[in-house]
**Q** 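Could you have a look at this structure, given as structure tokens, before my questions?
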Protein chains: 2
Amino acid sequence: MQRPYSQVIDRLKQVGLRPTRQRMALAKLLFDAGDHHFSAEQLHNQASGAGIRVSLATVYNTLHQFTKAGILREIIVSSGRSYFDTNTSDHHHFFFEDSHRLLDIDAKDITITKLPKLPEGTLLERVDVVIRVSDNPKS
Amino acid sequence: MQRPYSQVIDRLKQVGLRPTRQRMALAKLLFDAGDHHFSAEQLHNQASGAGIRVSLATVYNTLHQFTKAGILREIIVSSGRSYFDTNTSDHHHFFFEDSHRLLDIDAKDITITKLPKLPEGTLLERVDVVIRVSDNPKS
DNA sequence: CAATAGTTTAGAATATTTCTAAACAACGTT
DNA sequence: AACGTTGTTTAGAAATATTCTAAACTATTG
Ligand SMILES: [Mn+2]
Ligand SMILES: [Mn+2]
Ligand SMILES: [Zn+2]
Ligand SMILES: [Zn+2]
């Protein structure tokens, strides 16, 4: 209970966030598991299930703080709900339109050889590739 | 007032939608103008401004019907709000994160030479490339 | 024109996210 | 260890976008 937390404490301090009870608990849930995609509501439910009392507002605050700090990434594939990703490396996604599930595509599995030049006065933030798929009814 | 409508009437009939007053008016607003991106609320306001009385529910119904019929396309770049596109050809987008504006990128200006194979039992719906840009503060 | 099926509508409902402002906790300083 | 400061958490309300409901309306066919 003491040692495992030292990692998340260090990580939070590194990005300039106070290691509060709620942030540590959420960070532990998020970063002890492998790479995954989730919504705010899902994380809130997961926390509740693990006996961690944290408000939904704090979950949202934390997700945005972590995203800004670069230890989480937000993925937009569905209007009406935001998804977050513990995998912050350069990669892309399959999006299953029926189940609303996301699946990583390694950056090396998509090659873009030609990109347009950016509009005047803009900075590149990110190039997102989303491959939208549906269930094949005859399979 | 009679002739211009024949085009939208034909177009609606072609895709199996009754040419109702509201659908004709919205189709005219949408397809007489050049390619553009817009939200439901924007179209509703534009209709009101043009003296067309149509409920927001009908605007949403119509946008979804047109999208399903393939004469509009929905673009997801921002959680919390859907955008639609009168350009249904194969193309991609710049998304200006500060102003929430979209700009078309012709399919020929992006070349993807390598794509992963689709997961088992899925059908490809679309490959969306979104180049997210922000305002360059020092320009 | 009557019958039918499809459409429109206002308003309520839903869903997700953000806001508010008061209570609380982390942490550097005494 | 207590203090003061600042940052954080919280419940609940509010904001936002979209969908639902079911009654009124209209296009189409016969
Ligand atoms: Mn959905
Ligand atoms: Mn936004
Ligand atoms: Zn991912
Ligand atoms: Zn477009």
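None of the values given here were measured: they were computed from a predicted structure. Residue numbering restarts at 1 for every chain, and letters A, B, ... go by the order of the sequence lines.
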**Q** Report the distance from atom CG of A:Leu17 to atom C1' of D:dT6, rounded to the nearest whole Å.
**A** 14 Å
**Q** Checking B:His92 side chain against B:Val129 main chain: does a donor-acceptor pair fall under 3.5 Å?
**A** yes
**Q** Mind calculating the distance between CD (A:Gln65) and C1' (C:dA26) to the nearest angstrom?
**A** 14 Å
**Q** Could you give the CG-to-P distance, from B:Leu63 to D:dT19, as a whole number of Å?
**A** 10 Å
**Q** Rounded to whole angstrom units, what separation is found between the CG atom of B:Leu12 and the P atom of D:dA27?
**A** 13 Å
**Q** Could you please name the option among C:dT17, C:dT8, D:dT8 that lies closest to any side-chain atom of B:Gln22?
**A** C:dT8
**Q** Take atom CG of B:Leu43 and atom P of D:dT18, then tell me their distance rounded to the nearest Å.
**A** 12 Å
**Q** Scan B:Ser39 against the nucleic acid and name what it touches under 4.0 Å (heavy atoms): base, sugar-phosphate only, or nothing.
**A** nothing
**Q** Determine the contact category for A:Thr58: base if any of its heavy atoms lies under 4.0 Å from a base atom, sugar-phosphate if only primed atoms, P, OP1 or OP2 are that close, otherwise nothing.
**A** base
**Q** Between B:Pro19 and A:Arg18, just flag the one whose closest nucleotide in DNA chain D comes earlier from the 5' side.
**A** A:Arg18
**Q** Could you tell me the separation between the CZ atom of A:Phe38 and the C1' atom of C:dT17, rounded to a whole number of Å?
**A** 15 Å
**Q** Exactly one of A:Gln7, A:Arg23, A:Arg18 should register a side chain to side chain contact (heavy atoms under 4.5 Å, CB included) with A:Leu12. Which one does?
**A** A:Arg23
**Q** D:dA22 P sits how many Å from B:Asn61 CG, rounded?
**A** 16 Å
**Q** Contact class for A:His44 (heavy atom, under 4.0 Å): base, sugar-phosphate, or nothing?
**A** nothing
**Q** Test B:His44 against B:Tyr60 for ring-ring contact (aromatic ring centres under 6.0 Å, His included), laying out the working first.
**A** CA-CA 9 Å; B:His44 187 238; B:Tyr60 275 105; 9.0 Å; no
**Q** Taking side chain to side chain contact (heavy atoms under 4.5 Å, CB included) as the criterion, tell me which of A:Lys68, A:Arg11, A:Gln65 meets it with A:Leu17.
**A** A:Gln65
**Q** A:Ser55 has a side chain; which of D:dT10, C:dT9, C:dT17 sits nearest to it?
**A** D:dT10
**Q** Round to a whole Å and report the spacing from CD1 of B:Ile9 to C1' of D:dA27.
**A** 12 Å
**Q** State which of C:dC27, D:dT18, D:dG7 makes the closest approach to the side chain of A:Arg23.
**A** D:dG7
**Q** Closer than 3.5 angstrom, by distance alone: can the side chain of A:Thr86 be matched with the main-chain N or O of A:His36 as a donor-acceptor pair?
**A** yes
**Q** Which nucleotide, C:dT8, D:dA11, D:dT18, lies nearest any side-chain atom of B:Ala40?
**A** D:dT18
**Q** Would you kindly compare B:Arg21 and B:His64 by the position of their nearest DNA chain D nucleotide and give the one closer to the 5′ end?
**A** B:His64
**Q** Where the side chain of B:Thr20 is defined as all heavy atoms beyond and including C-beta, which of D:dC20, D:dA27, D:dT9 is the nearest nucleotide?
**A** D:dA27
